[in-house]
Amino acid sequence: MKLPKGLSKDTYILAFASLFSDISTEMLYPVLPIFITSVLKDSPAIVGVIEGAATAVQYIIQGFSGWLADKFKAKKYIALFGYTLTALAKPFIGLSVNWPQVLLGRFTDRLGAGIRSAPRDALIAGSADENARGRAFGLEGIGDNAGAFVGPLVAIVLLFFFKVNIRSIFYLAFIPGIAALLLITLVKEKKAAHIQKTQLHFSLAAFPRSYWIYLGITALFGLGNSSNAFLILQARSLGIPLIITICIYAGFNLAAAAISYPAGSLSDKLGRKYLLLAGFAIFAITYLGFALSHSVILIGALFVFYGIYSGLYRAVGKAFATDNIAQELRASAIGIYSTVVGITSLLANIIGGQLWTRVSPSATFLWGVGFALVAILASSFFTTSRIESS
């Protein structure tokens, strides 16, 4: 079968690896809080501590792992190490008898995710032609978001239809995790020509000005981009049953999967900036809807609309971060980008949580709307030639 122009077999292998990896991770999404509070009998505050620590390490480590992958020309092997950690951590969490063990398992899981992300994304960028990079990230986005759609549904089926023990969900999540690991072994890493390992020294000056402008805009937007948990909390506060909430969340991921490839392909043709602006606008509209609406039907529709933003931003954001970056620095570029996303997301979650409890839930979403508008204005200020490739 002839592959679409500009994409390689490795592009598809990496997309399927993301599919299975996210099925493994998202199988645990509806289970972990229940496991901590109902099985281990700990408080919801412990859930926040565990998820906060796990999320922080996932993003902060990406800048280092990206640099390491470029330094030693070992993108594939560092990615493999990360996939191995995430696969092994799932059953370890299931064996836990107290929350510190869960914390260790979840920390290891997200550490592995952080280690693998930048080198994997650099492999994706290198698996496609220059003019097809958006499509490559879009295809990976399909796999990632489709896995996020399937994972919660698998958990629902196992728990409610097959009456599987909660601990067994963690053990079964190992299966798609190891499948993702095996797929990565099939990828052939493209080597940069005539570059010695000792020649690569990390320097901020090695990255073009357009890259730093883009990071600044990303940081502005990220300060208002809080966790999806707040969207789910809003849905639950309206009385939507847990199983319906999980199904709505799955629908959000389905919408993200559906838009990922078209968005990436369109960014190859029209330029990243316009798609990025569209993503910011969709985010602002969605958050405004969550701030003002108390309609269950509208909240469900907004979740799907938010999925369109999520798939678009994932595909276009990472492709944008690799534009005008030399092949031997791409993992570092994506790692720094992901670290900025992670740090600003952590700040957004802390601020969002304070606004939620001290002011109102609507204040959390209006904060996000404000920073999305600031990011739109900042993006509009710079001409296309200054923040994206010609």
Side-chain angles (χ1 to χ4, degrees), residues 3-26 58-59 62 65-66 69 75-76 78-80 82-83 86 112-151 176-177 179-190 252-268 272 275-276 279 307-323 325 327 330-331 333-335 337-338 341:
L3 298 176
K5 187 177 180 181
L7 302 181
S8 69
K9 183 175 69 173
D10 285 343
T11 311
Y12 287 84
I13 292 173
L14 289 159
F16 274 105
S18 288
L19 170 70
F20 284 108
S21 179
D22 237 53
I23 289 174
S24 175
T25 297
E26 295 292 337
Q58 176 182 354
Y59 285 107
Q62 288 188 42
S65 71
K75 299 177 181 67
K76 175 179 174 177
I78 291 176
L80 277 171
Y83 276 98
T86 57
I115 289 172
R116 79 186 183 210
S117 292
R120 179 208 59 203
D121 290 341
L123 289 171
I124 294 168
S127 73
D129 293 345
E130 294 292 321
N131 60 356
R133 194 175 297 140
R135 277 177 281 162
F137 279 104
L139 189 66
E140 188 273 337
I142 291 177
D144 182 87
N145 289 299
F149 169 70
V150 173
L181 171 63
L182 293 174
L183 282 167
I184 294 297
T185 64
L186 302 177
V187 174
K188 295 179 180 179
E189 181 175 350
K190 187 182 295 184
F252 147 75
N253 285 306
L254 180 62
I259 198 65
S260 292
Y261 186 81
S265 180
L266 204 58
S267 76
D268 288 332
R272 317 271 188 235
L275 273 295
L276 188 74
I308 295 173
Y309 144 75
S310 182
L312 190 159
Y313 188 55
R314 179 183 176 84
V316 176
K318 289 184 177 180
F320 211 155
T322 64
D323 287 341
I325 302 295
Q327 180 182 328
R330 282 177 187 159
I334 295 174
Y337 165 79
S338 297
V341 170

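From a predicted model like this one, the values you see are computed outputs, not experimental measurements.
Under the 3.5 Å distance criterion, the side-chain polar atoms of Thr86 are matched with a main-chain donor or acceptor of Tyr83. Panel note: side chain Ser8, backbone Ser127; a donor-acceptor pair is recorded below 3.5 Å. With hydrogens and angles disregarded, no donor-acceptor distance shorter than 3.5 Å links the side chain of Arg120 to the backbone of Ile184. A side-chain donor-acceptor contact under 3.5 Å links Gln62 to the backbone of Gln58. A distance-only check finds no donor-acceptor pair linking the side chain of Ser18 to the backbone of Asp144 [under 3.5 Å]. No side-chain donor-acceptor contact under 3.5 Å links Lys76 to the backbone of Lys188.
Taking CD1 from Ile124 and CD1 from Ile334, the interatomic distance works out to 7.5 Å, rounded to the nearest 0.5 Å. In this structure, Leu182 CG and Ile13 CD1 are separated by 12.0 Å, a value rounded to the nearest 0.5 Å. Remark: Ser310 OG to Asn253 CG distance equals 7.0 Å, nearest 0.5 Å. From Phe137, atom CZ reaches atom OH of Tyr261 across 14.0 Å, with rounding to the nearest 0.5 Å. Note: Phe16 CZ to Ile142 CD1 = 10.0 Å, rounded to the nearest 0.5 Å. Rounded to the nearest 0.5 angstrom, Leu14 CG and Lys9 NZ are separated by 12.0 Å.
What you find for Ala118 and Ala331 is that their closest heavy atoms are CB-O, 3.6 Å. In this structure, Val316 and Ser267 approach most closely via the heavy-atom pair CG2-CB, 4.0 Å. Taking all atoms of both residues into account, the shortest heavy-atom contact from Ile325 to Ala333 is CG2-CB, 3.9 Å. Across every non-hydrogen atom of Pro119 and Ile78, the tightest pair is CG-CG2, 3.9 Å. Considering all non-hydrogen atoms of both residues, Gly138 and Ala315 come closest at CA-CB, 3.8 Å. Residues Ala136 and Ala128 share a closest heavy-atom pair of CB-CB, 3.7 Å.
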**Item:** Worked check of side chain to side chain contact (heavy atoms under 4.5 Å, CB included) between Leu276 and Tyr313
**Value:** CA-CA 7 Å; Leu276 188 74; Tyr313 188 55; 3.7 Å; yes

**Message:** Walk me through whether Asp22 and Phe149 qualify under side chain to side chain contact (heavy atoms under 4.5 Å, CB included).
**Reply:** CA-CA 9 Å; Asp22 237 53; Phe149 169 70; over 6 Å; no

**Request:** Would you check, one step at a time, whether the test salt bridge (Lys or Arg N to Asp or Glu O under 4.0 Å) holds for Arg330 with Glu189?
**Result:** CA-CA 13 Å; Arg330 282 177 187 159; Glu189 181 175 350; over 6 Å; no

**Message:** Walk me through whether Arg314 and Asn145 qualify under side chain to side chain contact (heavy atoms under 4.5 Å, CB included).
**Reply:** CA-CA 10 Å; Arg314 179 183 176 84; Asn145 289 299; 4.1 Å; yes

**Message:** Checking Leu123 against Asp10 for the side chain to side chain contact (heavy atoms under 4.5 Å, CB included) test, could you report, in this order, the C-alpha distance in whole Å, the side-chain angles of both residues, the deciding distance, and whether it holds?
**Reply:** CA-CA 8 Å; Leu123 289 171; Asp10 285 343; over 6 Å; no

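Salt-bridge annotation for Asp323 and Arg133: present, with a side-chain N of the basic residue lying under 4.0 Å from a carboxylate O of the acidic one. Classification of Arg272 and Asp268 as a salt-bridged pair holds, one side-chain N sitting under 4.0 Å from a carboxylate O.
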